[in-house]
Amino acid sequence: MYAEDPLTKIGLMTCLEKSPQITLTAMAEAMTVVVAVKAVDSSALELLRGLPAPTGSRFVLVVSDGWHADPAAVAAHGIRAVLWRAEVDAAALARAVCDVVAGRAYLPPAIQARLMDQMDRIQREVLGPRGLTASGLSSREITVLQLLSEGFTLPEIAAKLSYSERTIKNILSAVQIRLGQRNRVQAVSYAIRSGLI
């Protein structure tokens, strides 16, 4: 836990200590860290980089004044929950921490909308014209994985998409390498678990 002033830090600790499902630990050992900041901006992101939290830690921010950062940059810094200080109470803070620990995010609706608008703009203006999706796979690669997951054989997929069987094999090979999977079954399984198909 981090807060610039001791009073805020004590208040946050008191809120979290009330929750039986949360155990406070040293920041160097915590995979979820609560941080109180005035605003989400470049200085807040710099602060997060300098904290002694383990690599891969996720952050729950309690914010006083506002949002002045790119949503994608915020996500890249490990921020998974944002609570407005004026609206937070012990239950909301504990719920946000538990959500982050469980792999979920907790963002105010206005920030969710900004993030979705940004993802839409990136897809439309950057990825779409290059035939890519946010996953880094092309729509053709996703289609091949989808058909494979539905039980189609390579010759059937080739016929359905009007490609040669060799082209389908090359597509699958490239996907396996890009996704870091050893075989087709693992690639399909990864794509399903990741929500790509």
Side-chain angles (χ1 to χ4, degrees), residues 1-4 8-9 11-13 15-127 132-137 142 179-180 189-197:
M1 177 170 325
Y2 175 86
E4 289 180 354
T8 300
K9 186 172 184 176
L12 292 172
M13 287 177 72
C15 286
L16 292 174
E17 286 172 339
K18 291 180 181 179
S19 177
Q21 64 263 51
I22 296 175
T23 303
L24 298 180
T25 184
M27 190 182 307
E29 301 168 5
M31 291 310 293
T32 302
V33 180
V34 176
V35 179
V37 295
K38 288 183 177 144
V40 180
D41 56 14
S42 58
S43 63
L45 299 180
E46 187 63 35
L47 168 74
L48 295 181
R49 279 193 293 273
L51 292 177
T55 303
S57 291
R58 300 296 183 222
F59 296 97
V60 174
L61 296 188
V62 178
V63 183
S64 302
D65 295 333
W67 185 280
H68 312 289
D70 173 37
V74 167
H77 281 78
I79 297 169
R80 294 297 180 266
V82 175
L83 300 163
W84 302 123
R85 183 177 176 148
E87 300 170 3
V88 74
D89 60 18
L93 181 59
R95 188 171 46 254
V97 169
C98 290
D99 280 349
V100 171
V101 168
R104 295 184 295 269
Y106 182 89
L107 299 172
I111 296 170
Q112 289 179 36
R114 287 178 67 180
L115 185 57
M116 296 307 291
D117 288 346
Q118 184 177 32
M119 292 298 296
D120 179 51
R121 192 171 44 256
I122 289 170
Q123 181 62 45
R124 204 173 356 93
E125 297 173 7
V126 178
L127 299 174
L132 297 174
T133 62
S135 67
L137 298 179
I142 290 172
L179 297 179
S189 178
Y190 176 88
I192 292 170
R193 283 192 320 271
S194 302
L196 300 176
I197 59 173

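Since we're looking at a predicted model, the values are computed, not measured.
Using a 4.5 Å heavy-atom threshold, the side chains of Leu12 and Lys9 count as separate. Looking at heavy atoms from C-beta onward, Arg85 lies in side-chain contact with Thr8 at the 4.5 angstrom threshold.
No side-chain donor-acceptor contact under 3.5 Å links Arg58 to the backbone of Ile79. In terms of modelled atom types and a separation under 3.5 Å, the side chain of Ser57 and the main chain of Ala30 share a donor-acceptor contact.
Here the CD1 atom belonging to Ile122 is positioned 11.0 Å from the CG atom belonging to Asp117, to the nearest 0.5 angstrom. Leu48 contributes atom CG, which lies 7.0 Å from atom NE2 of His77 (distance to the nearest 0.5 angstrom). The distance from the NZ atom of Lys18 to the CG atom of Leu93 is 11.0 Å, given to the nearest 0.5 Å. A distance of 6.0 Å separates CG of Leu179 from OH of Tyr190, quoted to the nearest 0.5 Å. The CD1 atom of Ile197 sits 9.0 Å away from atom OG of Ser189, with the distance rounded to the nearest 0.5 Å. The structure places OG1 of Thr23 at 11.0 Å from CD of Glu17, a figure rounded to the nearest 0.5 Å.
The number of heavy-atom neighbours closer than 6.0 Å to CE of Met31, taken from other residues, nucleotides and ligands shown, is above 12.
What you find for Ala39 and Val63 is that their closest heavy atoms are CA-CG1, 3.9 Å. Minimum interatomic distance between Met27 and Pro52 (heavy atoms only, all atoms of both residues): SD-CD, 3.6 Å. Closest heavy-atom contact between Ala36 and Ala3: CB-CB, 3.9 Å. Heavy-atom minimum distance, Met1 versus Met13: SD-CG, 3.4 Å. Counting all heavy atoms, side chain and backbone alike, Ala53 lies closest to Phe59 at CB-CZ, 4.3 Å.
Each of Val100, Val97, Leu83 was checked for a side-chain contact (heavy atoms from CB on, under 4.5 Å) with Tyr106, and the lone residue meeting it is Leu83.
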